[in-house]
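Before any comments, here is the structure.
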Number of protein chains: 2
Amino acid sequence: MVKYQEIAKDLRHRILNKLYLPGEQLPQEKEMCRTYNVSRITIKKAVDEVVNAGLVIKRRGAGTFVKAVNDDAVKELSMVQQFTGFTESNTGKSISSEIIRFEIVHPSAEVADKLQIDKDGFVYDIIRARYADKEPFVVEYTQMPLDIIPGLKRDVLLDSIYHYIQSGLKLKIQSAHRAIRAMWPNEVEQNYLKVDTSFPMLEVEQVAYLDDGRAFEHSISRHRSDKIIFKTLSIRA
Amino acid sequence: MVKYQEIAKDLRHRILNKLYLPGEQLPQEKEMCRTYNVSRITIKKAVDEVVNAGLVIKRRGAGTFVKAVNDDAVKELSMVQQFTGFTESNTGKSISSEIIRFEIVHPSAEVADKLQIDKDGFVYDIIRARYADKEPFVVEYTQMPLDIIPGLKRDVLLDSIYHYIQSGLKLKIQSAHRAIRAMWPNEVEQNYLKVDTSFPMLEVEQVAYLDDGRAFEHSISRHRSDKIIFKTLSIRA
DNA sequence: TAGTGGTCTAGACCACCGG
DNA sequence: CGGTGGTCTAGACCACTAA
């Protein structure tokens, strides 16, 4: 691990352990340079990481201050920093999947546009219900281009597609663009998730990208609203 | 505007105008240094802005590449960069408010904890219904500490609280922590938003912070699900 | 192995905040 | 006004990718 990450980790720990209290000013950047024996740009990069983690605030002309974030929120901030911003009530539970549909088709015009691929190409068209300890919590509709993700089999769908992409195909996932809405469940979701017509669902539509810039997945996930919360942190530019 | 922002703006425009095509490699950093006549760190900071805007991807050892993002998504990315990530179907409409409740009370234990204030202090307790061209779209439940936001009056609530905080009180808003869920509407929401018991709602719970680190607002907004989409972009660390 | 972006330095000047 | 963080330089070395 490089210097600025080490320093950022140290600052996070000091804040979480209340060595720096909410509202308190952190040491100035020049002083930190002496403390950690690094240049000022390195300190700046370290502190910026902690700003983006939501723990502190910088003000030109004034200093750097610890935010008054409550303890529960702080714990979740470390989660938000992960790739997904989801808090599912599934931690520690065993996840399994049921395959509802697994076909190869031409993409719809909409999906072809979102994935920026040709309408004449082929995509997997997958529908899965996912279970945590045999409790159903989400139905996922996924399309992925055949030529980017070759060799998909049923056993991969039963396990984790993302694991296959990263470990099996050695591809790297870079980012995801998401849109979140509330919805009613359709008939499929009512059946698999065991909810009635009026039960509210949280829909997450996602386009995900590899580190070469190609879109490799379009998916729509319809979650039972009692099983998921989406958390996010926005910092004003 | 400083150099790296100018360069970032130029790169964004080139990508949006297809001078750099999806999948295409951008000029290497050293070449950009010559083109823009700046140092490499400045180029790095400019390109990082474009990465965070979701338009390009950097790979050590390989280069910087334009993401295959579809045009609609690109347009919305510039919106996502704003403070709020919301796409309401309200652009260009006149927003008005109806005050349902406006009291000063002691905070609940939960709100006191989330705002990190004393339970013996006072907070405004506000409930508002908000309209776009007389169409109701959201009910907001807001608590704000009296000593941080003094002098709140009914006419401010009818207009914009955020405008009063920034222009009237000269305070600066730094960040917001949000949790998003799907829900049924309660009786108040059913009445004001003109929806029935089973209509799904998108709830956004928010704690907002000033640039001195103090939490100044806790709010819960219940949106008609047909009037709002929440958009977000996550990039893997 | 050649070429890419990632990290880091030591120092300079600037914009902004607060007393 | 002194002190803060913001920007920027010119250069060095490193880690990683791809051929």
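Numbered from 1 within each chain, the chains take letters A, B, ... in sequence-line order. Everything numeric here is computed off the predicted structure, so don't read it as measured data.
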Whole-Å distance between [N] [atom2] and [X] [atom1]?
X      : N      : atom1 : atom2 : value
A/I43  : D/dG6  : CD1   : P     : 13 Å
B/M32  : C/dG6  : CE    : C1'   : 16 Å
A/K45  : C/dG6  : NZ    : P     : 8 Å
B/D48  : D/dC8  : CG    : P     : 14 Å
B/F65  : C/dG3  : CZ    : P     : 16 Å
B/K30  : C/dA2  : NZ    : C1'   : 11 Å
A/I7   : C/dT7  : CD1   : P     : 13 Å
A/L171 : D/dT17 : CG    : P     : 13 Å

Checklist line | Nearest to side-chain heavy atoms of A/V2, which nucleotide of D/dG6, C/dC8, D/dT7 | finding: C/dC8
Please tell me if [X] has a side-chain N or O lying less than 4.0 Å from either OP1 or OP2 of [N].
X     : N     : result
A/Y4  : C/dT7 : yes
B/K3  : D/dT9 : yes
B/T42 : D/dT7 : no
B/K44 : C/dG6 : yes

Next item on the list: Give a yes or no answer on whether the side chain of B/N17 reaches the backbone of B/L19 with a donor-acceptor pair at less than 3.5 Å.
Entry: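 Looks like no, no N/O pair under 3.5 Å.
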Note to self: Protein within reach of the bases, or only the backbone? For nucleotides 10-19 of chain C, mark each nucleotide 5' to 3' as B, S or -, using heavy atoms under 4.0 Å.
What the structure shows: B-B--BBBS-
Check: Is there a side-chain contact between B/R12 and B/E49 (heavy atoms, below 4.5 Å)?
Finding: yes
Next item on the list: Quick one: list whatever passes salt bridge (Lys or Arg N to Asp or Glu O under 4.0 Å) with A/D211, sequence neighbours left out.
Entry: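 Counting only residues at least two positions away or on another chain, A/D211 forms a salt bridge (Lys or Arg N to Asp or Glu O under 4.0 Å) with B/R59.
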Next item on the list: Identify whether the distance between the nearest side-chain nitrogen and carboxylate oxygen of B/K153 and B/D155 falls below 4.0 Å.
Entry: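 Here B/K153 does not pair with B/D155 in a salt bridge, since their nearest N and O are not under 4.0 Å apart.
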Indicate every side-chain donor-acceptor pair of residues 103-112 of chain A with a distance under 3.5 Å to a residue at least two apart or in another chain.
from, atom 1, to, atom 2, distance (Å)
A/H106, ND1, A/D120, O, 3.3
A/H106, ND1, A/G121, O, 2.8
A/S108, OG, A/V111, N, 3.1
A/E110, OE2, A/K114, NZ, 2.9

Check: Looking just at side-chain N and O atoms, do A/Q174 and B/R236 make a donor-acceptor pair shorter than 3.5 Å?
Finding: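 Looking only at side-chain atoms, B/R236 and A/Q174 do not form any donor-acceptor pair under 3.5 Å.
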